[in-house]
Structures are given as structure tokens and as C-alpha cells.
Peer 1: 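One structure coming up, written as C-alpha cells, with questions to follow.
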There are 2 protein chains.
Amino acid sequence: MDRRIMKTQEALKKAVIELMSEKNFDEITIQDIADRANVNRGTIYLHYQDKYDLLDKLIETHINELGEMGEWACELEWAEALVPYFEYFERNYLFFSTMLASKGTPSSFRTRLLSSFIEGFKGEIDRASDRNQAINDDVMLQFTGTAYVGVIEWWIKNGMPYPPQEMAKQVGALLGRSF
Amino acid sequence: MDRRIMKTQEALKKAVIELMSEKNFDEITIQDIADRANVNRGTIYLHYQDKYDLLDKLIETHINELGEMGEWACELEWAEALVPYFEYFERNYLFFSTMLASKGTPSSFRTRLLSSFIEGFKGEIDRASDRNQAINDDVMLQFTGTAYVGVIEWWIKNGMPYPPQEMAKQVGALLGRSF
DNA sequence: ATGGATCTGTTCATATATCAACACAATGAT
DNA sequence: ATCATTGTGTTGATATATGAACAGATCCAT
């Protein structure tokens with residue numbers, strides 16, 4: 001991909017995140033975004049339909065990156081496999097805290113995140129032993145998925161009180177217990 | 001000036017400063033700068049002759065900005081007039097510390113800075129009273145100029161042990177005493 | 001010294017970003 | 001209601017940045 005495209009899109013996404021942490025998404029104008037990103041207003045339309053599309057693509061980008069990390073980290077123990085995730089959350093703190101906090105966010109981010117996790121969890125259920133015999137996939141996935149999202153949400157909103165490694169270890173233990 | 005030019009040049013200058021704080025100027029390659037600035041190698045030649053020209057313009061930019069601050073701040077007491085200067089040094093800490101530290105820097109930055117200050121000091125000498133009767137302009141300017149540069153150099157190299165306001169007050173008092 | 005590898009400075013065709021201008025919609029104050 | 005203001009999305013001409021390729025220079029190990 002052309003360097004200019006990357007730079008422009010990065011700047012735009014960063015700008016939206018920053019602005020959303022300052023005011024409601026509705027009151028953010030295209031010109032605001034352009035100014036913050038130091039980009040011509042028209043340039044935005046070369047990449048996105050409108051500000052909703054921009055927000056959408058921004059979210060999608062992160063969901064996708066999380067998804068790809070999953071494939072990469074399979075074949076690992078939970079406690080280890082989770083480390084890159086929590087590091088990712090930490091690295092993109094402003095994004096996650098904004099998206100999880102912002103009320104006016106269209107297309108609830110939390111919901112999309114949950115779906116993504118549930119999708120990733122499929123195939124992790126231990127059907128070898130019979131301890132999960134009485135538990136439906138639906139129930140299992142919903143249980144672990146919401147649990148996972150919930151801890152992340154708490155961790156982010158509370159300013160990441162523990163380091164990513166620690167979180168990975170503890171949440172990893174709990175997930176391992178559930179599946 | 002076109003936004004793209006500004007962004008590119010900013011990125012390039014930032015890249016040079018960073019790289020110079022890591023290795024000797026001689027061993028910095030054009031490709032290094034391009035990579036660090038996330039810019040095509042050829043783009044550099046659209047703005048500068050070579051890396052020496054880039055470094056030169058970088059220094060010139062700061063010298064000029066300092067010069068313009070002088071005109072703006074005249075008609076003020078020294079202690080107040082110096083505040084924006086020290087704030088400027090603080091804001092561009094990496095630049096000044098690198099330029100003052102780097103041995104391999106061609107066209108000694110310290111010398112250019114001194115000339116600039118001496119130029120700015122002209123006209124500040126108190127000829128109204130007769131306490132400076134026996135002192136030549138040359139001597140006065142060289143004295144105060146090197147003193148000023150010296151304190152700045154010390155302040156920067158020692159990690160700015162006092163806040164800019166404090167430095168402005170103290171150095172302001174000393175300069176006022178001299179002129 | 002010789003050859004391979006890296007760096008330099010330049011060129012070209014092409015892609016992207018810019019600015020200014022436009023018509024139109026939405027908003028808000030009088 | 002109306003008018004001025006602000007925001008939106010689009011267009012066209014132009015400026016700048018890009019990547020690839022080139023020839024020559026410099027460096028370095030053999």
C-alpha cells in the first residue's frame with residue numbers, strides 16, 4: 001500500500017480517536033477531523049464515505065488485527081497466548097477506552113468485540129473429556145465471551161491497574177478452567 | 001506552504017535529530033533518514049541537496065525562529081523576555097541536546113548560536129549611564145553572548161535541572177546586570 | 001587489485017493530496 | 001418565516017510524493 005495512504009489513514013484514525021475522547025461523536029465535524037489530522041477536508045472523501053464510515057473502518061481494523069493475532073497464537077497455552085492481546089489493548093489504550101466509554105458511538109463497539117471473541121473461541125471447547133457434556137456450545141461461548149470482554153472492559157476503564165502479563169496469566173487461568 | 005511539504009520536512013528534520021542522537025552524523029545514510037521519516041528516498045532530494053544541506057536547514061530553521069522571538073519580545077524586562085526562549089529550548093530539547101553534544105556535527109552549531117545571540121544583543125548595551133564607558137561593544141557582546149550560550153549549554157546537558165521560568169529569572173537578572 | 005555490495009543522486013511515469021470553488025442541506029438567531 | 005452561518009459532498013486543475021530503475025561512486029573483504 002502506498003505510503004501516503006497509510007500515513008493519511010493513520011492520521012485520520014488517530015484524529016477520530018482523540019476527538020472522540022474529547023467530545024461526542026455527533027458533534028465532531030469532518031472539518032474537525034481534517035484539522036486534527038492535518039489533512040485537507042477533501043482528502044477524507046478519497047478514503048471514506050463520511051465520518052461514520054471512517055469510524056466503522058477504524059473499528060474494523062482493530063477487530064481484524066485481533067482476529068489475525070488469534071490464528072497466530074493458537075497452539076499455545078492460554079496464559080501465554082493472551083499476552084500479545086493484552087499488550088495490544090495496552091498499546092491502543094486510547095482507542096479501547098474511548099470506544100468502550102463513548103456513549104454516542106454508533107454500531108456499539110462492545111458488541112462487535114464480543115462477536116469477534118466468540119468467533120475466535122469456537123473450537124476451543126474441550127469435547128475430549130466429558131466434563132462439558134451437559135453444556136451447550138452457545139452457553140459456553142456466551143459465558144466465556146462476555147467474561148473475557150467484561151474483564152477487558154474493567155481493566156481498561158480502571159486505567160490498567162495490572163500489567164498485561166499479569167492479566168494474561170490470571171485471565172488465562174480462568175479461561176482454561178472454563179473450556 | 002503546502003501541507004505535504006510541511007509534513008515531509010517536519011518528518012525529515014525529526015528523523016535527523018533522532019538519528020543524530022543515536023549515531024554519528026557521518027554514519028547516517030540517506031536511506032536511514034528516509035526510513036525513519038517514513039518517506040521515499042527520492043523525496044528527500046526534492047527538498048534538500050544532501051544530508052548536509054538538510055542538517056544545515058534544520059539548524060537554520062531554529063536560528064531563525066529564535067531570531068524572530070527576539071523582535072517580538074523586545075520592550076520587555078529581561079526576566080520576562082527570556083521565558084519564551086527557555087520554553088523554546090525545553091520544547092526542542094532533543095534538538096538542542098543533540099546539536100550541542102554531537103561531536104561530528106559539521107558547521108559547529110554552538111558557533112552559529114553564539115553569533116545569533118550576539119547579533120540579537122546589539123542595541124541592548126546601556127549607553128545612557130556612564131558605567132559602561134570603559135567597555136567596548138565587542139567585549140561586552142562577546143562576554144554576554146558566551147555567558148548566555150554557556151548557561152544554556154549547561155542547562156541542556158544537565159537535563160534541565162530548573163524550570164524555564166526559573167532559568168529566565170536568574171539569567172535575566174545576570175544579563176540585566178551586565179548590559 | 002578486483003569484485004560484490006552498498007550508497008548516492010537523478011530520471012520517469014504514475015498515484016495521491018491539495019486548494020479553491022461549487023451547490024446544497026442543516027442549523028440557529030432574529 | 002427568513003436570513004446568515006456552518007457543515008456536507010463533489011469537482012477540476014495542479015502540486016507533491018511515490019516506486020522503480022539507472023549509472024556512477026565508495027567501501028570492504030578477499
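Labels below follow one simple rule: chain letters A, B, ... track the order of the sequence lines, proteins then strands, and each chain is numbered from 1.
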Peer 1: In whole angstrom, give the distance that lies between atom OH of A:Tyr48 and atom P of D:dT8.
Peer 2: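 Taking OH of A:Tyr48 and P of D:dT8, I get 17 Å after rounding.
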
Peer 1: Calculate the interatomic distance between B:Tyr52 atom OH and C:dC7 atom C1'; express it in whole Å.
Peer 2: 12 Å

Peer 1: Would you give the length of the straight line joining atom CZ of B:Phe96 to atom CZ of B:Arg91, rounded to the nearest 0.5 angstrom?
Peer 2: 9.5 Å

Peer 1: Any chance the rings of B:Trp78 and B:Phe121 have centres within less than 6.0 Å?
Peer 2: yes

Peer 1: Do the side chains of A:Lys157 and A:Glu153 get close enough for a salt bridge, i.e. N-O under 4.0 angstrom?
Peer 2: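 Salt bridge present between A:Lys157 and A:Glu153.
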
Peer 1: Phosphate oxygens OP1/OP2 of C:dA17: is one of them under 4.0 Å from a side-chain N or O of A:His47?
Peer 2: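 Looking at the OP1 and OP2 atoms of C:dA17, one of them is under 4.0 Å from a side-chain N or O of A:His47.
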
Peer 1: Going from CG on B:Leu82 to NZ on B:Lys169, what distance comes out if it is rounded to the nearest 0.5 angstrom?
Peer 2: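 If we round to the nearest 0.5 Å, B:Leu82:CG and B:Lys169:NZ are 13.0 Å apart.
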
Peer 1: Measure from CG on A:Asp35 to C1' on C:dT18 and round the result to the nearest Å.
Peer 2: 14 Å

Peer 1: If I take atom CG in residue A:Leu12 and atom C1' in nucleotide C:dT18, what distance separates them, rounded to the nearest angstrom?
Peer 2: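 Going from CG in A:Leu12 over to C1' in C:dT18 covers 14 Å.
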
Peer 1: Taking the ring centre of each residue, are A:Phe109 and A:Phe95 less than 6.0 Å apart?
Peer 2: yes

Peer 1: Can you check the A:Ile28 CD1 to D:dT8 P distance for me, whole Å?
Peer 2: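 The answer, rounded to whole Å, is 11 Å.
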
Peer 1: Reading nucleotides 18-29 of chain D from the 5' end, what letters show protein touch, with B for base, S for backbone sugar-phosphate only, - for no heavy atom under 4.0 Å?
Peer 2: BB-B--------

Peer 1: Measure from CD on B:Gln31 to P on C:dG9 and round the result to the nearest Å.
Peer 2: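 The distance from CD of B:Gln31 to P of C:dG9 comes to 13 Å, rounded to the nearest Å.
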
Peer 1: Check the distance between D:dG7's P and A:Glu27's CD and give it to me in whole angstrom.
Peer 2: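 To the nearest whole Å, that distance equals 12 Å.
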
Peer 1: Keeping the roles fixed (side chain from A:Thr146, backbone from A:Gln142), state whether a donor-acceptor pair exists under 3.5 Å.
Peer 2: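 Yes; at least one donor-acceptor contact below 3.5 Å.
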
Peer 1: Just N and O in the side chain of B:Tyr45: are any of them under 4.0 Å from OP1 or OP2 of C:dG9?
Peer 2: yes

Peer 1: Rounded to the nearest angstrom, tell me the gap between atom NZ in A:Lys51 and atom C1' in C:dA26.
Peer 2: 13 Å

